[in-house]
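When reading the values below, keep in mind they use all heavy atoms of this one structure, side chains included, and skip hydrogens, waters and symmetry mates. A quick note: this is a predicted structure, and the numbers were derived from the prediction, not measured.
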Amino acid sequence: AAMVLLLAAAVALSALSFVRAEGLRRDNALLATKLTSTQQMMRQERSLAFLMATPGSRTILLSGTEADPEYRGMLMLDSEGKQAILVAVGLDALPPDRAYQAWLVKAGQRTSAGIFTVDELGWGMLVIHPGQSLTNFESIGVTEEPSAGSPGPTSERLLGGQLAVH
């Protein structure tokens, strides 16, 4: 009887160890994801600080719509308009299958500038490399899209602004 009890205790301890190990693996994966996200955010913040310190850089303020006036942001452009950083503030955190997508607009045609998410406080950042000067575009807008992005906007503009034209 003592042997059966000892064997049962060993099996229970083994099962408990397995469950704990699985929990630790999940925790480790979550921490690795958070670390990657934090490292990406730090790179973006360094890019923003560098851009802000570059002579000739400029800022365009972005505003929400009448439906969502609390949405705000800014677009920092380098002196040649070849790189920009979009900073969004006050946007709603979205479920994992949704993201925000920025669009550059020229002659009514929308070109994706990239996708981004926001943290639980509504802050998000996107580094934009448009392949041509941003001064060639008339405006920028942000919509909510599937997390992988869309070839064209599938929802109304939530945030946007006019880009300076020569």
Please give me the minimum heavy-atom distance between [X] and [Y], naming the atom from each residue.
X	Y	answer
Pro69	Glu66	CD-O, 3.3 Å
Thr143	Pro153	CG2-CB, 4.2 Å
Gly81	Pro130	O-CG, 4.3 Å
Thr135	Arg58	CG2-NH2, 3.3 Å
Ser147	Pro96	CB-O, 3.5 Å
Ser57	Met76	OG-CE, 4.4 Å

**Request:** Please name all residues satisfying ring pair (Phe, Tyr, Trp, His ring centres under 6.0 Å) with Phe116, sequence neighbours left out, ordered by chain then number.
**Result:**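 For Phe116 the ring pair (Phe, Tyr, Trp, His ring centres under 6.0 Å) partners, ignoring immediate neighbours, are Tyr100.
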**Message:** Before you tell me yes or no, could you show the steps for Leu62 and Ile140 under side-chain contact (heavy atoms from CB on, under 4.5 Å), namely the whole-Å CA-CA distance, both residues' side-chain angles and the distance that decides it to 0.1 Å?
**Reply:** CA-CA 9 Å; Leu62 307 177; Ile140 186 166; 3.7 Å; yes
Does a side-chain heavy-atom distance below 4.5 Å link [X] with [Y]?
X	Y	answer
Arg98	Pro146	yes
Ile128	Gln83	no
Asp68	Glu70	yes

**Message:** Test your reading of the model: is there a side-chain donor-acceptor pair from Arg110 to the backbone of Gly108, 3.5 Å cut-off?
**Reply:**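 Yes, because the side chain of Arg110 sits within donor-acceptor range (under 3.5 Å) of the backbone of Gly108.
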**Request:** Please check if the side chain of Ser150 supplies one atom and the backbone of Glu145 the other of a donor-acceptor pair under 3.5 Å.
**Result:**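 It does not hold such a pair.
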Say you draw a straight line from [atom1] of [X] to [atom2] of [Y]; how long is it, rounded to the nearest 0.5 Å?
X	Y	atom1	atom2	answer
Gln101	Leu158	CD	CG	12.0 Å
Leu163	Leu75	CG	CG	6.5 Å
Lys82	His129	NZ	NE2	13.0 Å
Arg72	Ser63	CZ	OG	11.0 Å
Leu61	Thr59	CG	OG1	7.5 Å

**Request:** Could you please spell out the steps behind the side-chain contact (heavy atoms from CB on, under 4.5 Å) verdict for Ile85 and Val87?
**Result:** CA-CA 6 Å; Ile85 298 176; Val87 178; 4.2 Å; yes
Taking [Y] as the starting point, is it possible to reach [X] by hopping between hydrophobic residues whose side chains are less than 4.5 Å apart?
X	Y	result
Ile115	Leu104	no
Leu159	Val105	no
Leu121	Val89	yes

**Asked** Which is it for Trp103 and Ser112 under the side-chain contact (heavy atoms from CB on, under 4.5 Å) test, yes or no, and what are the steps along the way?
**Response** CA-CA 5 Å; Trp103 303 95; Ser112 176; 3.8 Å; yes
**Prompt:** What do the steps show when you test Glu138 against Gln109 for side-chain contact (heavy atoms from CB on, under 4.5 Å), and what is the final call?
**Reply:** CA-CA 10 Å; Glu138 300 155 7; Gln109 296 296 316; over 6 Å; no
**Request:** Inspect the surroundings of CD in Gln132 and state if more than 12 heavy atoms from other residues, nucleotides or ligands are less than 6.0 Å away.
**Result:**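 Yes, because the 6.0 Å sphere around CD of Gln132 holds more than 12 heavy atoms from other groups.
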